[in-house]
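Shown next, in structure tokens, is the structure this report addresses.
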There are 2 protein chains.
Amino acid sequence: MTEAPALDRGARSRDAILDTAGDLMSRHGYAATSISMISAACGLPVSSIYWHFRSKDGIYVAVLERARTALLAALPPAEVPGADVAQRLDTFLTEVEDAFRRHPRGVKLLLGLGMVQQDASAAAAAEVHQYRDALLAWARDSVSSVFALCDRPEVADELARFTLRMASGTAVARWFDPDAVLETGPLRVALLALATHHGVPVGGVPGEDAPSGPVTTGE
Amino acid sequence: MTEAPALDRGARSRDAILDTAGDLMSRHGYAATSISMISAACGLPVSSIYWHFRSKDGIYVAVLERARTALLAALPPAEVPGADVAQRLDTFLTEVEDAFRRHPRGVKLLLGLGMVQQDASAAAAAEVHQYRDALLAWARDSVSSVFALCDRPEVADELARFTLRMASGTAVARWFDPDAVLETGPLRVALLALATHHGVPVGGVPGEDAPSGPVTTGE
DNA sequence: GTCTATACTAGGATAGAC
DNA sequence: GTCTATCCTAGTATAGAC
């Protein structure tokens, strides 16, 4: 361990800095996280941090890039397996719940930067947009697979947005109440109702396509 | 105007400071908003700001308190008028959409502080919790009125949480895409389906109480 | 209540030895 | 790649005249 090749030391230090910075920034936000805090927490001197990342913004961009990669890698393939809609939907919701529960840091970094986006550097803003776009695309592909919506892209879009907003809202709820989880039960009912409302066959459902009288969707 | 009673000048300055501080803090967050920024933006010297509010934290607490009061005052009474569920639901959703669209600053301050809650002073944390609890209580009372749920408090709770999470998620979506609005159409369908799923009569609906096969709510 | 001026600290960033 | 030491700016907060 202590005899690790010198070639690795730089990479290991870099990782340690990113770990620490990611943790602190996701907890306190970018502005409230100082280089000296990071230095004190990870044990490396300030100048080493500047040697690895040219600036505080450079640290931020690297932290975001890493969080994005980790979260996206943790997302299961958008081709949801399962014989029928109900089965695929359960699989999908379980996966979403898992990903958001196991990567709170990435989600918080995304939300944190999103919130003060106008202050961010171009590089950081680009990073966070890539993050967000990838999530949205994944959600769209997944619901499209779950409900077999390849010929109804607008419906897939609506369902994906709905799901992601519920997930974001849950992330918000969670920093007020750490025990809050994505409530897949109600979300399941809601997604099925929305699909049915748009005339998408979901199996095992009566001919009715709306749970009440005339409904305007505003589209 | 220039001859306004001296008694008013203090109050007017105080208001101007709060306006400016609220705007800057909701845009940049607490940590990234400096006293000198506020001073430059509102025209009053730093020391006047400190005279009105003893510290930066004091400004924050006052800003939050004011945003909370304004948002809660803008919320319509929880006794939603309307002859049937569909009518009351439409009224309620319109009101929610309105409140969140017209008070983006208050929502953003709430979310911003919620996110870095652990750094906040006890006073600021108390303020934000009062904010959040009041919103939740209002939503619970409102859906209870819409769906006549006085004897089903758990259902009212679930629907209220669902609505607020969707609203929070939309607030998040909005700072990535300023044009995003609370999509009341899908939310309407979802709430009706959830109520039906719990056996709540919503009027004009067939006997079916679930849109698909066996459903587990996790409760 | 408002202004000018200032004390004091902490932050971001760099130099240069090792 | 890492360390010590340092520069400079900007931040919070206060003193005291008006």
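Labels below follow one simple rule: chain letters A, B, ... track the order of the sequence lines, proteins then strands, and each chain is numbered from 1. Given the structure is predicted, the values throughout are model-derived calculations rather than measurements.
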Inset, instruction - Name the residue closer to the 5' end of DNA chain C, choosing between R14(B) and Y30(A) according to the nucleotide with the nearest heavy atom. - result: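 Comparing both residues, the 5'-ward one is R14(B).
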
Inset, instruction - Fit a plane to each ring of Y60(A) and Y30(A), take the angle between them on a 0 to 90° scale, and name the class: parallel (under 30°), tilted (30 to 60°) or perpendicular (over 60°). - result: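 Parallel: the ring planes of Y60(A) and Y30(A) meet at under 30°.
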
[X], nearest nucleotide to its side chain (from [options]):
{"X": "L44(B)", "options": "dT2(D), dA13(D), dC3(C)", "value": "dC3(C)"}
{"X": "I35(B)", "options": "dT12(D), dG1(C), dA13(C)", "value": "dT12(D)"}
{"X": "K56(A)", "options": "dA13(D), dT2(D), dG12(C)", "value": "dG12(C)"}
{"X": "S48(A)", "options": "dG12(C), dC3(D), dT4(C)", "value": "dC3(D)"}
{"X": "S55(A)", "options": "dT2(C), dA13(C), dT4(D)", "value": "dA13(C)"}
{"X": "H52(B)", "options": "dC3(C), dG12(C), dG1(C)", "value": "dG1(C)"}

Could you check how far [atom1] of [X] sits from [atom2] of [N], rounded to whole Å?
{"X": "R12(A)", "N": "dT2(D)", "atom1": "CZ", "atom2": "P", "value": "11 Å"}
{"X": "F53(A)", "N": "dT14(C)", "atom1": "CZ", "atom2": "P", "value": "15 Å"}
{"X": "W51(B)", "N": "dG16(D)", "atom1": "CH2", "atom2": "C1'", "value": "16 Å"}
{"X": "I38(B)", "N": "dA10(D)", "atom1": "CD1", "atom2": "C1'", "value": "15 Å"}
{"X": "D8(A)", "N": "dT2(D)", "atom1": "CG", "atom2": "C1'", "value": "16 Å"}
{"X": "Y60(A)", "N": "dA13(C)", "atom1": "OH", "atom2": "C1'", "value": "20 Å"}
{"X": "M37(B)", "N": "dA10(D)", "atom1": "CE", "atom2": "C1'", "value": "12 Å"}

Nearest 0.5 Å please: distance from the [atom1] atom of [X] over to the [atom2] atom of [Y].
{"X": "L64(B)", "Y": "S26(B)", "atom1": "CG", "atom2": "OG", "value": "11.0 Å"}
{"X": "L44(A)", "Y": "T20(A)", "atom1": "CG", "atom2": "OG1", "value": "8.5 Å"}
{"X": "R132(B)", "Y": "H129(B)", "atom1": "CZ", "atom2": "NE2", "value": "7.5 Å"}

Legend entry - K56(B) to Y50(B) six-membered ring, cation-pi geometry met (6.0 Å, 45°):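 The answer is no; the distance or angle limit is not met.
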
For [X] and [N], is the shortest distance between a side-chain N/O and OP1 or OP2 below 4.0 Å?
{"X": "S34(A)", "N": "dA10(C)", "result": "no"}
{"X": "S47(A)", "N": "dT4(D)", "result": "no"}
{"X": "Y50(B)", "N": "dT14(D)", "result": "no"}
{"X": "S36(B)", "N": "dG11(D)", "result": "yes"}

